[in-house]
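Letters A, B, ... are given to chains in the order of the sequence lines, protein chains preceding strands, and every chain is numbered from 1. Since the structure is predicted, the reported quantities are computational estimates derived from the model, not experimental observations.
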Number of protein chains: 6
Amino acid sequence: MNNLGVVKRNIVRAPRAAVEKLSRFGVASIHEAMGRVGLMKTYMRPIFAGAHFCGTAVTVLAHPGDNWMLHVAAEQLQPGDVAVVACTTDNEDGMFGDLLATSFKARGAVGLVIDAGVRDVKDLTAMPFPVFSRAISAKGTVKATIGSVNVAVVCAISAKGTVKATIGSVNVAVVCAGAWVNPGDVIVADDDGVVAVPAAYAQAAADAAEAREANEAEKRARLAAGVLGLDMYNMRGPLEKAGLKYID
Amino acid sequence: MNNLGVVKRNIVRAPRAAVEKLSRFGVASIHEAMGRVGLMKTYMRPIFAGAHFCGTAVTVLAHPGDNWMLHVAAEQLQPGDVAVVACTTDNEDGMFGDLLATSFKARGAVGLVIDAGVRDVKDLTAMPFPVFSRAISAKGTVKATIGSVNVAVVCAISAKGTVKATIGSVNVAVVCAGAWVNPGDVIVADDDGVVAVPAAYAQAAADAAEAREANEAEKRARLAAGVLGLDMYNMRGPLEKAGLKYID
Amino acid sequence: MNNLGVVKRNIVRAPRAAVEKLSRFGVASIHEAMGRVGLMKTYMRPIFAGAHFCGTAVTVLAHPGDNWMLHVAAEQLQPGDVAVVACTTDNEDGMFGDLLATSFKARGAVGLVIDAGVRDVKDLTAMPFPVFSRAISAKGTVKATIGSVNVAVVCAISAKGTVKATIGSVNVAVVCAGAWVNPGDVIVADDDGVVAVPAAYAQAAADAAEAREANEAEKRARLAAGVLGLDMYNMRGPLEKAGLKYID
Amino acid sequence: MNNLGVVKRNIVRAPRAAVEKLSRFGVASIHEAMGRVGLMKTYMRPIFAGAHFCGTAVTVLAHPGDNWMLHVAAEQLQPGDVAVVACTTDNEDGMFGDLLATSFKARGAVGLVIDAGVRDVKDLTAMPFPVFSRAISAKGTVKATIGSVNVAVVCAISAKGTVKATIGSVNVAVVCAGAWVNPGDVIVADDDGVVAVPAAYAQAAADAAEAREANEAEKRARLAAGVLGLDMYNMRGPLEKAGLKYID
Amino acid sequence: MNNLGVVKRNIVRAPRAAVEKLSRFGVASIHEAMGRVGLMKTYMRPIFAGAHFCGTAVTVLAHPGDNWMLHVAAEQLQPGDVAVVACTTDNEDGMFGDLLATSFKARGAVGLVIDAGVRDVKDLTAMPFPVFSRAISAKGTVKATIGSVNVAVVCAISAKGTVKATIGSVNVAVVCAGAWVNPGDVIVADDDGVVAVPAAYAQAAADAAEAREANEAEKRARLAAGVLGLDMYNMRGPLEKAGLKYID
Amino acid sequence: MNNLGVVKRNIVRAPRAAVEKLSRFGVASIHEAMGRVGLMKTYMRPIFAGAHFCGTAVTVLAHPGDNWMLHVAAEQLQPGDVAVVACTTDNEDGMFGDLLATSFKARGAVGLVIDAGVRDVKDLTAMPFPVFSRAISAKGTVKATIGSVNVAVVCAISAKGTVKATIGSVNVAVVCAGAWVNPGDVIVADDDGVVAVPAAYAQAAADAAEAREANEAEKRARLAAGVLGLDMYNMRGPLEKAGLKYID
């Protein structure tokens, strides 16, 4: 109830070095390194092959049919940021297109994660501006369709000037595609999906991911040489104890 | 492009006698009798067990997060009508609750079909006001949340007074849950789903349904007596020709 | 390739005593007792509250838009049987209604499991004839709509009288809602879902379920008296070893 | 009830100039220009990257498991047409493959929109023949599987020669993936989805889309230069009135 | 990364008076009163008609195939609590049945919200123990299937005694069915769905809901008397300004 | 009940010549040639464009959150094999990644079909190791997260050393994505989906597919030359008999 109609300007972004280091690892590795938390739902997919990014979250809580808050968010974006848009209800409308992408890119944003739809996919691909979304939909929002004048969209003002309805927010904590994201968290997206790393754990997660990948290189070489995981992981004894039976 | 922001006041409702006759048959029978067209998607389900109705359609084209047009529609409802609400995008918000139901019922409406969500299910059940919907959701719309004053919701007006955005409509043709519905069509809903019967065919459909059911009574008796459909429908020859083989 | 267009007349049903014994236990217990296999997908739901049955399977492989094979199956049904209908493709059409139910009931069938749709739900409820299905749909199949004469439905016959297309089958092994079902298997359905018990294991499954339920009665009493599962199952040590930490 | 088993030969196609002009704009722009109506569901996706087309609709109403009507439609196709296939029930079978594509292409068709499945995707991609579909499925229809002889598929004829069952139709109004399409309407498909433009509004929609895109070019330049939408659209005042609060 | 394998014993529950007051209002009213936030996804449904409750959350983060943490949670439950179970991945297995329900009830719990499956629905209904879940599934978890001895389930311990894998937690913040829930929050569930009210706002939400309902009673009476929402809400002017046109 | 915790070492693979011949045809052709059976659900999609393979099945029955059985399966893989992984419940976790792929490839496996999720998509694409899966998910399984020591995962051992819980199996019959697969069956996957050909019918299916494709080449040429299917298949008469009417 305290987070409605609010734009938080000063947020604590994860340390730049941690973000930089996280950008060198894949989503699967980071997710594992964190203890397998923070992953968004698998319905979040890139709008073009190979789309990927790693940056700090500027969060947006929006309503279906309203991309006003995305314009508000643009002003809060700094170089290296990722816009993370949650929606108050399941919705696939194309809330984001090439005009907003142009604006976001001009602000230095490196990507968008949106639990709704996007459009102008061809243009976004050409820019390129990487986006992970729930859907692709040509159906835009009201704001995008009007000319050049002020409009009251979704939000409502009573005769007494008191806001009675929910308007969106920027830089509040949000649930996006099943993941809890706070402004300043690190958002990593690649072919395997999208993971949110809490700002306070970004460095630790990066270090853990590095350790994991180092560890994996050696394992990969052994497996490629024909060593079985059964032996490499000493699984045969536990499997036998677990009752596994080989038959011919 | 001609149907936006329009309320059609005079609509031609299906003949009362035809509606009355259709009310005596089930959705499955009517759907069959019509040649198996006009059925809504199977995700449309009653909000309480046994909900059913048969009436003439007052159609509504609404936007997610906006139930303004349902209030507009209330004025167009006449005794025996069914409100049929289509949405411009897939949405499950609870656009309809007990206040609107009270209003609709006061106007004489006999039910609601809505390709979105409803709420206040307990109250609607107690009234009872039968509803078939895509979902049940406590999430209301903007209109429902404000006090008593005028608001501009979803729709937008430029400085020049020209409408630039889509507002909803009442009594235009709509696609509701995959079915094409024109104002005045007969809407029949029961345990098996919802079917829309074009006003012009209402009498013919009723007659055909009657013929089907008469025909079925005799078949039912024979089947109950142990006669097989294989014999009653003379299927054995065709099945053999079709290559069906019995093995032991 | 060997199972197309075939009706197997002599099938080995699970022993009557085993079926009888299984009928006394719930689906969850039986499923557990079997080692947690044989459960159908959770989208299979009863068409009326409290629907349940336990019987031996007569299987049907049908095509969307064709319930011919259900009439063929009727002749193979014996008292205590359950018809299990798999479909060659995902489909929600109402392939089964009150006429077929009348016929099945006259044959002594105790229920239907169908990975497709059913209709005439009100009539089926009144009979009652319990059904577990993927969907409820008023859209019937071709056979159901014709009068009284032979028709070639779905299956196709060339000028030379050779069958070129797939027709359905009765009493072949089928995959129904993700479960493998052979004719004669025991099908148990209740509020928790549907499970298929291979005929050869019916007695063992019944015995195991009985043992489980006996075992549970004592546990239930202890839990009701306030004993914690943590203590009853001696979980505290393993949990501590697993690293669980209590904080204040 | 009047549209069953009918092939309409003479349809009024949208003016060629309007179609040509619409082909220069994207689906998102056209959809906006029309007032955000006519968009198909977002589950309609291209079978290969970059698939797109713009042409006039020849509509087909088909039944699952039956692509007979697609052969009937082939004869009605003229250069520049798009086949739009609606299905009487939700179905994903591959009703269209490379043979029909070869035939459609020979007739001058520029694409296919089908609310069902397609197959032979590799061949269709190589041709290329662009298709937007609900699914990709190797499961073909009966017609496609038979040799070279006449067959009665799905539709049924009684002994008296009277049609008792529904057969499909060509060039009747259909609901395809949630959109209402009349024969002759303009169908535009690209990365953002599929939109149907009524023939009567094709020219107006093209003009409106042109105006929108001209308008957007200037905005894009300003946004790229760092101007915020907040300022460009004069949103700050309305946002403040709406109660938006900035906090630090 | 800090919340894994943790059980928090001392949590701050919402004030009893606020919980009591909230229990008098419906989910829709409370959700509106809060500004339309905190609602769980609409796929969360009661396992029996009329199930409802209002209590304070004891949260559980569990893994598919593991209900160990539910036993751990039992010890933390106090009279008036509601167990809220989130799962680390989408899963429908029946993680909760009549034994755990017996234990929870003995502890004084008033209900369960679980973003996974439940089983033993018949027993839960008879008790009654109200549950809102994503699914009903007879497929239990490993813990439920073993006899009486310690087992290491899902979680894993290395030779050095260090936990390397994720185990679940109790009374940490979780995302359950799309809603953010902290231990001690008020959970209200009824026919319209499930809403989570932050403990700190429980009293304010209850007061706001009370105000809303008082306000609605008067409106309901006027609407029942035939007054139109158009007039009661003074919508006619704004609608005209928005461009709505009445035609005959 | 007999198939739990079992690894079958000696399986009868389909004849090499038949596999080789099948590899020359597409999934759609083979599926048709078999009489349209054996196709997996359409949600099974390739993780990279153009992925395809044809090989003999080594089957795996796994539990969510456990990829132990995939390591067990690795040892059973021979050159030309395809791993086919079924899951005991609907699950999208990434049970397979680049380490297992390295191992499988070292064993000579040509692909993977998994009714669950995969991760490390970028690496799998680079190898390339073709996979058809239900989902892409960075969420790994427990085994993948541990270092180098024995663990008891999912399966559980009682104090008496008796297995009480279900462990997975290798080379038992499984239901994978709706298709019944036995070890040794031929699995063919391409842009159109995945089909399982029983080993005993592999040669016949290959021959039938060859005949179909030969037959299609001629048809394709005629259709490309403008001949209509209506004429090539002699459909006009049957259509007329079926009641099809041409109108202007």
Side-chain angles (χ1 to χ4, degrees), chain A residues 26-46 49-50 52 188-195 208 211-213 215-248, chain F residues 4-10 47-49 68-72 74-75 92 94 97-107 117-125 135-140 142-157 161-163 165 167-171:
Chain A
V27 167
S29 289
I30 294 168
H31 176 248
E32 294 279 5
M34 290 175 68
R36 269 162 298 127
V37 295
L39 197 67
M40 293 192 184
K41 300 274 184 194
T42 60
Y43 62 69
M44 297 296 282
R45 299 303 303 153
H52 70 279
V188 194
D190 67 15
D191 290 337
D192 288 348
V194 186
V195 69
R212 278 187 53 81
E213 298 225 341
N215 184 289
E216 288 200 346
E218 183 213 331
K219 284 188 212 159
R220 195 176 293 110
R222 292 177 66 194
L223 292 168
V227 176
L228 288 170
L230 285 175
D231 299 311
M232 193 168 81
Y233 296 116
N234 295 318
M235 285 171 163
R236 294 191 192 271
L239 278 164
E240 190 183 347
K241 277 193 197 157
L244 192 68
K245 288 190 187 62
Y246 284 81
I247 58 175
D248 292 320
Chain F
L4 305 177
V6 166
V7 182
K8 190 158 168 36
R9 273 182 295 224
N10 297 326
I47 61 167
F48 53 83
W68 225 8
M69 287 301 135
L70 278 76
H71 285 285
V72 173
E75 193 175 28
E92 296 197 337
D98 83 302
L99 287 183
L100 268 168
T102 300
S103 181
F104 279 25
K105 201 168 183 180
R107 302 290 301 175
V118 290
R119 54 185 189 155
D120 303 331
V121 165
K122 191 179 172 186
D123 295 326
L124 298 179
T125 305
I136 290 170
S137 171
K139 182 166 194 291
V142 171
K143 177 63 217 66
T145 69
I146 58 171
S148 55
V149 211
N150 304 349
V151 291
V153 180
V154 172
C155 59
I157 312 173
T162 323
V163 178
I167 57 172
S169 297
V170 173
N171 281 334

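- The shortest side-chain heavy-atom distance between F:I136 and A:R45 falls under the 4.5 Å cut-off.
- Proximity of F:F48 to A:D191: side-chain heavy atoms (C-beta onward) are nowhere separated by under 4.5 Å.
- A search for salt bridge (Lys or Arg N to Asp or Glu O under 4.0 Å) contacts involving A:E213 returns nothing, not counting sequence neighbours.
- Highest contact tally toward chain A, considering only F:D98, F:N10, F:L99, F:V121, is held by F:L99 [criterion: heavy-atom pairs under 4.5 Å].
- Comparing A:V194, A:V27, A:V195, A:L230 by how many heavy-atom pairs each has under 4.5 Å with chain F, the most go to A:L230.
- Per-residue heavy-atom pair counts under 4.5 Å with chain F were compared for A:T42, A:L39, A:L239, and the maximum is reached by A:L239.
- For F:K105, no part lies near chain A; criterion is any non-hydrogen pair under 4.5 Å.
- Between chain F and the options A:D248, A:D231, A:I30, A:D190, heavy-atom pairs under 4.5 Å are most frequent for A:D248.
- Neither the backbone nor the side chain of A:R222 comes within less than 4.5 Å of any heavy atom of chain F.
- With contacts defined as side-chain heavy-atom distances shorter than 4.5 Å, the pair A:L228/F:R107 qualifies.
- Around atom NZ of F:K122, no more than 12 heavy atoms belonging to other residues, nucleotides or ligands sit under 6.0 Å away.
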